[in-house]
Structure formats: structure tokens, C-alpha cells
Protein chains: 2
Amino acid sequence: MLVSPMANQLDSIFAALSDPTRRAVIARLGQGEAAVKTLAEPHDMALPSFLKHIDTLERAGLVRSRKDGRVRVCTLHPEALAVVETWIDQQKRLWEGRLDRLSALAEQIASDGKDIQ
Amino acid sequence: MLVSPMANQLDSIFAALSDPTRRAVIARLGQGEAAVKTLAEPHDMALPSFLKHIDTLERAGLVRSRKDGRVRVCTLHPEALAVVETWIDQQKRLWEGRLDRLSALAEQIASDGKDIQ
DNA sequence: GCTTTAGTTAGCCGAACGGCTATCTAAATC
DNA sequence: GATTTAGATAGCCGTTCGGCTAACTAAAGC
């Protein structure tokens with residue numbers, strides 16, 4: 001069976017965002033691009049460990065990077081966050097649509113009640 | 001070092017949302033509460049496996065449940081999704097604030113250029 | 001050109017994840 | 001009261017995750 005590519009994208013984006021180190025990187029990149037070394041400094045962690053986080057963010061499409069000499073410069077790719085927003089908005093529409101139908105039902109019951117009384 | 005409780009909440013919420021089965025449960029619960037058995041049916045999976053997903057959703061605060069006889073009825077707790085929205089909004093503010101400062105800088109450079117020429 | 005620096009690659013380790021079966025409890029039903 | 005049903009609990013298993021060290025490459029800097 002084929003899995004929708006959207007599902008995989010949401011999987012990897014949500015998984016990437018579930019780690020505080022990676023969310024901190026995103027917050028930092030929101031203020032402008034930065035080298036891997038610079039990004040790594042606040043995090044008490046060996047560089048190879050930190051690189052795995054950067055790779056996870058890139059694979060999820062949240063971050064992109066280019067090579068500038070021996071320096072890898074990372075930039076935020078905010079469109080990936082928009083994918084999450086879209087999913088949440090869809091859920092809210094489901095939830096709110098349900099509430100609308102519930103209140104319509106309540107009104108109908110109320111007016112039925114009037115008819116009966 | 002103490003970790004902010006907020007970070008842990010975001011950790012578990014994002015982790016819970018990174019699985020397609022669990023996102024499907026959330027979408028289903030958006031249309032109204034349901035028993036575990038009902039929720040499990042569309043997912044080709046043994047019940048104990050499915051129960052772990054429900055537990056993950058509950059621990060993240062996305063779902064709540066009550067016991068009705070031998071039936072466990074689950075409801076969506078959408079406030080937890082709002083926590084995610086808030087985080088994304090904060091990131092957007094960072095990103096957009098940066099863009100504002102960039103364009104202000106660009107304007108300043110442009111007018112400096114005029115003065116020089 | 002030697003040294004430092006930034007990053008990469010490989011591989012190890014323990015914990016957590018996501019599935020399973022087997023078994024048990026307790027409510028509902030006949 | 002015997003049987004079915006909904007869920008809970010325990011424990012197994014392979015994979016992924018998040019950390020590490022060691023060793024390598026290649027660009028910069030002196």
C-alpha cells in the first residue's frame with residue numbers, strides 16, 4: 001500500500017520539532033542564518049551529535065544549508081512550519097464544524113420542546 | 001539544570017503528533033468522542049499496540065478519557081494543539097521581525113546611497 | 001608548508017519506540 | 001451462571017534515537 005507523501009512530511013516535521021535542541025536551532029535561525037559551529041555553541045554536546053540534529057532538521061525540510069568554503073551555513077525554511085499550521089487549521093475546522101452542528105442540534109431540540117409543550 | 005516544563009510539554013505533544021495513527025485518532029476525535037474499540041477499528045493493529053498510542057496521546061494532553069462501565073471513552077482536548085500554535089506563532093514573529101529589520105536596513109542603505117551619489 | 005579549524009564519517013552504546021502474543025479482569029449479555 | 005466483550009498488563013523483539021569517541025578531509029591562517 002502506498003502512503004501519502006504528505007503523511008511522511010508531517011511525520012518527519014513533527015518528529016524534528018519534538019526535540020528541544022532542534023527547536024532552539026529553529027528559534028535561533030529565525031533571527032538569521034548561521035554556521036553549524038555557531039549554532040552548536042550554546043548546546044553542551046559533541047559536534048557530531050549536534051550535526052545529527054541539523055541533518056534531522058534538513059531532512060524534515062525545516063532548514064536548508066549551503067557550503068561556504070569549509071563552513072556550512074544554515075537558513076530557516078519557514079514553509080515547512082506552514083505545513084504544520086495547515087494541518088492544525090484543518091483539525092480546528094473539524095472540531096469547530098462539530099461544535100456548530102451540536103449547537104444547531106441543541107436549537108432544534110429546544111424548538112421541538114416548545115412545540116411539544 | 002532545570003528544564004522548563006513548557007519544553008517538556010512541547011516535546012511530548014510534537015512527539016505524539018509525529019505518528020500517522022495518532023494524527024488519525026485526533027482527526028477522528030475532532031468529530032466527536034469515541035470508545036477505544038471504535039477508534040481502533042480502522043487501524044490494522046492489535047489492541048494493546050493501539051492502546052499505547054492512546055496512552056501517548058493522553059500523556060501529551062491531546063486526548064482525555066473517562067471510563068463508562070468497561071468502555072473507555074476518549075475525547076479531544078484541543079487546548080494542547082493551541083500550545084503548538086502558540087509556539088509556531090512565536091517563531092513567525094521572530095522570523096518576520098527579522099525581515100522587518102532587514103528591509104529597514106535595506107532602506108537605510110538605499111538612502112545613504114542617494115546621499116553619497 | 002605546517003597548524004589550526006570546521007565539518008564529516010564510522011561505529012559503539014543504552015534507552016525509547018512501535019509492533020506483537022499471552023494472559024488477566026471485569027462488565028455485559030444470554 | 002456461563003460466555004462474550006472491552007480493556008489492561010506484562011513481556012518479547014527488532015529498529016530508531018540521541019548521545020559518545022576516534023579518525024579523516026579539506027579549507028584557512030600564519
Side-chain angles (χ1 to χ4, degrees), chain A residues 1 3-4 7-29 32-75, chain B residues 1 3-4 7-29 32-75:
Chain A
M1 174 192 163
V3 175
S4 106
N8 289 324
Q9 196 187 0
L10 279 172
D11 285 4
S12 58
I13 293 177
F14 276 125
L17 294 176
S18 72
D19 181 276
T21 298
R22 292 191 291 257
R23 286 198 305 277
V25 168
I26 287 180
R28 168 63 185 79
L29 288 179
E33 61 180 29
V36 167
K37 180 81 184 317
T38 313
L39 291 171
E41 238 139 43
H43 304 283
D44 186 22
M45 186 180 301
L47 197 58
S49 311
F50 185 76
L51 262 177
K52 284 191 187 177
H53 289 299
I54 298 292
D55 290 345
T56 301
L57 288 167
E58 279 207 65
R59 264 182 279 117
L62 286 157
V63 163
R64 297 189 169 174
S65 69
R66 62 173 194 280
K67 211 57 188 292
D68 190 7
R70 72 185 166 180
V71 175
R72 183 162 148 199
V73 178
C74 299
T75 58
Chain B
M1 174 192 159
V3 175
S4 103
N8 290 325
Q9 195 186 2
L10 280 172
D11 285 4
S12 58
I13 293 177
F14 276 125
L17 294 177
S18 73
D19 181 277
T21 298
R22 292 190 292 257
R23 286 197 306 276
V25 168
I26 288 180
R28 167 64 184 79
L29 287 179
E33 61 180 29
V36 166
K37 180 81 185 316
T38 313
L39 291 171
E41 238 138 42
H43 304 284
D44 186 23
M45 187 181 301
L47 197 58
S49 311
F50 186 77
L51 261 178
K52 285 191 186 177
H53 289 299
I54 299 292
D55 290 345
T56 301
L57 288 167
E58 278 208 67
R59 274 195 310 273
L62 286 157
V63 163
R64 296 189 169 174
S65 69
R66 61 173 192 279
K67 210 60 188 290
D68 190 7
R70 72 183 166 182
V71 175
R72 182 162 151 201
V73 178
C74 299
T75 57

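Every chain is numbered from 1, with letters handed out A, B, ... down the list of sequences. All values below were derived from every heavy atom in this structure, side-chain atoms included, with hydrogens, water molecules and symmetry-related copies excluded. In this text the structure is predicted, and so the values were computed from the model without any measurement.
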* To do: Give the dot-bracket string for DNA chain C, reading 5' to 3', where a pair is Watson-Crick or G-U wobble with both distances under 3.5 Å, ( ) marks pairs inside the strand, [ ] marks pairs crossing earlier ones, | marks a partner on another strand, and . marks unpaired.
  => ||||||||||||||||||||||||||||||
* May I ask you to evaluate whether S49(B) reaches the phosphate of dG18(C), defined as a side-chain N or O under 4.0 Å from OP1 or OP2? => no
* Structure fact -> For nucleotides 22-30 of chain D, 5' to 3', base contacts (B), sugar-phosphate-only contacts (S) and non-contacts (-) with protein non-hydrogen atoms under 4.0 Å give B----BS--
Pair up each side-chain donor or acceptor in residues 38-56 of chain A with any protein partner under 3.5 Å, not counting sequence neighbours, and list the distances.
from	atom 1	to	atom 2	distance (Å)
H53(A)	ND1	R22(A)	NH1	3.1
D55(A)	OD1	R72(A)	NH2	3.2
T56(A)	OG1	K52(A)	O	2.9

* Atom of I13(B), atom of A60(B) and distance for their closest heavy-atom approach -> CG1-O, 3.4 Å
* Non-hydrogen atoms of A15(B) and S18(A) that approach each other most closely -> N-CB, 3.5 Å
What N/O pairs connect the protein and nucleotides 15-18 of chain D at under 3.5 Å? Give each pair on its own line.
from	atom 1	to	atom 2	distance (Å)
dG18(D)	OP1	R22(A)	NH2	3.3
dG18(D)	OP2	R22(A)	NH1	3.2

* Asked: Of L51(B) and L47(A), whose nearest nucleotide on DNA chain D comes first from the 5' end?
  -> L51(B)
* Asked: How long is the gap from CD1 on I26(A) to OG1 on T21(A), to the nearest 0.5 Å?
  -> 11.5 Å
* Structure fact -> Distance col, row L10(A):CG vs D19(B):CG, nearest 0.5 angstrom, shows 11.5 Å
Starting at atom [atom1] of [X], determine the distance to atom [atom2] of [N], rounded to an integer number of angstrom.
X: K37(A); N: dA6(C); atom1: NZ; atom2: C1'; result: 8 Å
X: F50(B); N: dT21(C); atom1: CZ; atom2: P; result: 17 Å
X: D55(A); N: dT9(C); atom1: CG; atom2: C1'; result: 11 Å
X: K67(B); N: dT25(C); atom1: NZ; atom2: P; result: 14 Å
X: R66(B); N: dA6(D); atom1: CZ; atom2: C1'; result: 15 Å
X: R72(B); N: dT5(D); atom1: CZ; atom2: C1'; result: 17 Å

* To do: Would you list the pairs meeting salt bridge (Lys or Arg N to Asp or Glu O under 4.0 Å) in which at least one residue belongs to residues 59-71 of chain B, sequence neighbours left out?
  => E33(B)-R66(B)
* Asked: Between L62(A) and L29(A), is any pair of side-chain heavy atoms under 4.5 Å apart?
  -> no
